[in-house]
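Predicted, not measured: the structure shown is a model, and the values here were computed from it. So that the names make sense, note that chain A is the first sequence line, chain B the second, and so on, each numbered from 1.
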There are 2 protein chains.
Amino acid sequence: MPDQAGGSTATESRREELLRIAADLFASKGFRNTTVRDIADAAGILSGSLYHHFDSKESMVDELMRTFQAELFAAYDEILASSDDARTKLERAVRLSFDTIERRGAEVAIFQNEAATLGASERFGYLAERNRQSRDVWVTLLTEGVQSGALRPDLDITLTYRFIRDTVWVAVRWYRPGGPHTATQVADQYLTILLDGIAKGTPHA
Amino acid sequence: MPDQAGGSTATESRREELLRIAADLFASKGFRNTTVRDIADAAGILSGSLYHHFDSKESMVDELMRTFQAELFAAYDEILASSDDARTKLERAVRLSFDTIERRGAEVAIFQNEAATLGASERFGYLAERNRQSRDVWVTLLTEGVQSGALRPDLDITLTYRFIRDTVWVAVRWYRPGGPHTATQVADQYLTILLDGIAKGTPHA
DNA sequence: GTCTATATACTGATAGAC
DNA sequence: GTCTATCAGTATATAGAC
């Protein structure tokens, strides 16, 4: 059977090309604000031709989100399964987020902006499930951190989880790869604030 | 001239009632995803009747955003003009955000979710202007904080501003008035993390 | 894999009666 | 202030030719 050199690869790459064009448009204009004609125009074809590759506009965003989430959670699993200490795991999870914003900015933006709306339909129920998984990851990391003595014992785990979850992803609104900061630099600054705060002096008294 | 008891007040309150219904729908479903029929249904009237009160759907969100921004920046101005010390001003600005989420959650959500899209049209150019004003407020507060010795001198002001700006508003995604936390409690926890960090021990060494 | 042509439904908005 | 009726524009999606 033909594999790498066959027609299948060319078909796949065209499909992925269209998916990438759609992702960028969904991310910048919003899913509902992006028409199939917008996508087709950007790809240099007519809107009807898109349906040779995809069932519907919804299928496109579905495929984008499934692929993205699978990749992201594989990375989370690797961190959780590692033998790093609690603080290192937390730092790695934070860095993973900023790294993901750099590599998969469109998908992050789509998930952040559309998950609530898309999640209303049954087809996207897995988005809510992924949200639960994500909460478990962060709560586990924070609990480990408190138990190991790396983090302050008086933390409200739930509120802290929400702050971290929100803040590590919201940078997708302004972060641009190739801009004045690298993802690593942003992660460094964020970790400094998150771990030690912005106040001067000796806190935690 | 009839004022409080006249027909004008009744007209105004109906208008505000419709505006409130629209705000809640725009906030939960998104501006583009909300049809004029949705708004009319929720108000118990037919879509055409809405146009007796408003020129267009766009006019509704425009009025919502203008009113909201005017109110918010009046509160910022009061903090800036006060004689409080730098750290108190910063704390007040943070608390103002969470308080605004509690009192004007729909408007905050609309602004957070739609400002980028709406801002593309000239009619909503003031949203970008308000964004600039907001940046000036936070940068001023942070700079004062560093100069007065209240904040760490090694802070990257621009990055710190972005983190604070994003994080004080993003809680609108999950905060619900009447839920397990008050806005004050959330602000307390957030300020603790922001000022002193989540790590145990003596940082800033 | 793309185009031509078009079905079908929805959307914001209007005009005039009540 | 709301309803009836409806228009014009736009949206997703389809069928079959090339």
Parsed dot-bracket for DNA chain D after applying the Watson-Crick and G-U rules with both distances under 3.5 Å and | for other-strand partners is ||||||||||.|||||||
Mind checking whether Phe163(B) and Tyr190(A) have parallel, tilted or perpendicular rings, split at 30° and 60°?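 Tilted.
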Report all interatomic pairs (protein N or O, nucleotide N or O of nucleotides 3-10 of chain C) with separations under 3.5 Å.
{"unit_1": "dC3(C)", "atom_1": "OP2", "unit_2": "Leu46(A)", "atom_2": "N", "d": "2.6"}
{"unit_1": "dC3(C)", "atom_1": "OP2", "unit_2": "Ser49(A)", "atom_2": "OG", "d": "3.2"}

Tell me, yes or no, whether the heavy-atom count around Glu78(A) atom CD, taken from other residues, nucleotides or ligands under 6.0 Å, exceeds 12.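 No - once you tally the heavy atoms of other residues, nucleotides and ligands closer than 6.0 Å, there are 12 at most.
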Can you find a side chain N or O atom of Tyr51(B) that sits less than 4.0 Å from OP1 or OP2 on dT14(C)?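 Checking dT14(C) against Tyr51(B), no side-chain N or O comes under 4.0 Å of OP1 or OP2.
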Val168(A) versus Arg165(A), closest heavy-atom pair with distance: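 Smallest interatomic distance, heavy atoms only, reads CG2-O, 3.5 Å.
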Using every non-hydrogen atom in the two residues, find where Leu118(B) and Phe124(B) come nearest and quote the distance to one decimal.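 Closest approach of Leu118(B) to Phe124(B), heavy atoms only: O-CB, 3.5 Å.
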Salt bridge (charged side-chain N to carboxylate O under 4.0 Å, His left out) between Arg37(B) and Asp41(B): does it pass, once the steps are laid out? CA-CA 6 Å; Arg37(B) 284 172 178 82; Asp41(B) 284 354; over 6 Å; no
Looking at dA13(C), dT2(D), dT12(D), which one has an atom nearest to any side-chain atom of Lys57(B)?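 Output: dA13(C).
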Please report the distance, rounded to the nearest Å, between [atom1] in [X] and [atom2] in [N].
X: Asp38(B); N: dA13(C); atom1: CG; atom2: P; answer: 14 Å
X: Leu25(A); N: dT12(D); atom1: CG; atom2: C1'; answer: 16 Å
X: Asp55(A); N: dT14(D); atom1: CG; atom2: P; answer: 8 Å
X: His52(A); N: dT2(C); atom1: NE2; atom2: C1'; answer: 9 Å
X: Asn33(B); N: dT11(C); atom1: CG; atom2: C1'; answer: 12 Å
X: Phe54(B); N: dG12(C); atom1: CZ; atom2: C1'; answer: 15 Å
X: Ile39(A); N: dT10(D); atom1: CD1; atom2: P; answer: 18 Å
X: Lys29(A); N: dA11(D); atom1: NZ; atom2: C1'; answer: 13 Å

Determine, step by step, whether Arg87(B) and Asp85(B) satisfy the salt bridge (charged side-chain N to carboxylate O under 4.0 Å, His left out) criterion, reporting the C-alpha distance in whole Å, the side-chain angles of both residues, the deciding distance to 0.1 Å, and the verdict. CA-CA 6 Å; Arg87(B) 172 154 169 160; Asp85(B) 62 37; over 6 Å; no
Polar side chain donor-acceptor pair, Asp38(B) to Thr35(B), under 3.5 angstrom: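 Present: a donor and an acceptor within the cut-off.
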CG of Asp188(A) to CD1 of Ile193(A): how many Å apart, nearest 0.5 Å?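 The CD1 atom of Ile193(A) is 11.5 Å from CG of Asp188(A), to the nearest 0.5 Å.
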So what does Ser59(B) touch, heavy atoms closer than 4.0 Å: a base, only the sugar-phosphate, or nothing?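 Nothing, no heavy atom under 4.0 Å.
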May I have the list of side-chain donor-acceptor pairs in residues 100-109 of chain B shorter than 3.5 Å, sequence neighbours left out?
{"unit_1": "Thr100(B)", "atom_1": "OG1", "unit_2": "Leu96(B)", "atom_2": "O", "d": "2.7"}
{"unit_1": "Glu102(B)", "atom_1": "OE2", "unit_2": "Tyr175(B)", "atom_2": "OH", "d": "2.8"}
{"unit_1": "Arg103(B)", "atom_1": "NE", "unit_2": "Asp99(B)", "atom_2": "OD2", "d": "2.9"}
{"unit_1": "Arg103(B)", "atom_1": "NH1", "unit_2": "Glu71(B)", "atom_2": "OE2", "d": "3.1"}
{"unit_1": "Arg104(B)", "atom_1": "NE", "unit_2": "Glu71(B)", "atom_2": "OE1", "d": "3.3"}
{"unit_1": "Arg104(B)", "atom_1": "NH2", "unit_2": "Glu71(B)", "atom_2": "OE1", "d": "3.3"}
{"unit_1": "Glu107(B)", "atom_1": "OE2", "unit_2": "Arg20(B)", "atom_2": "NH2", "d": "2.6"}

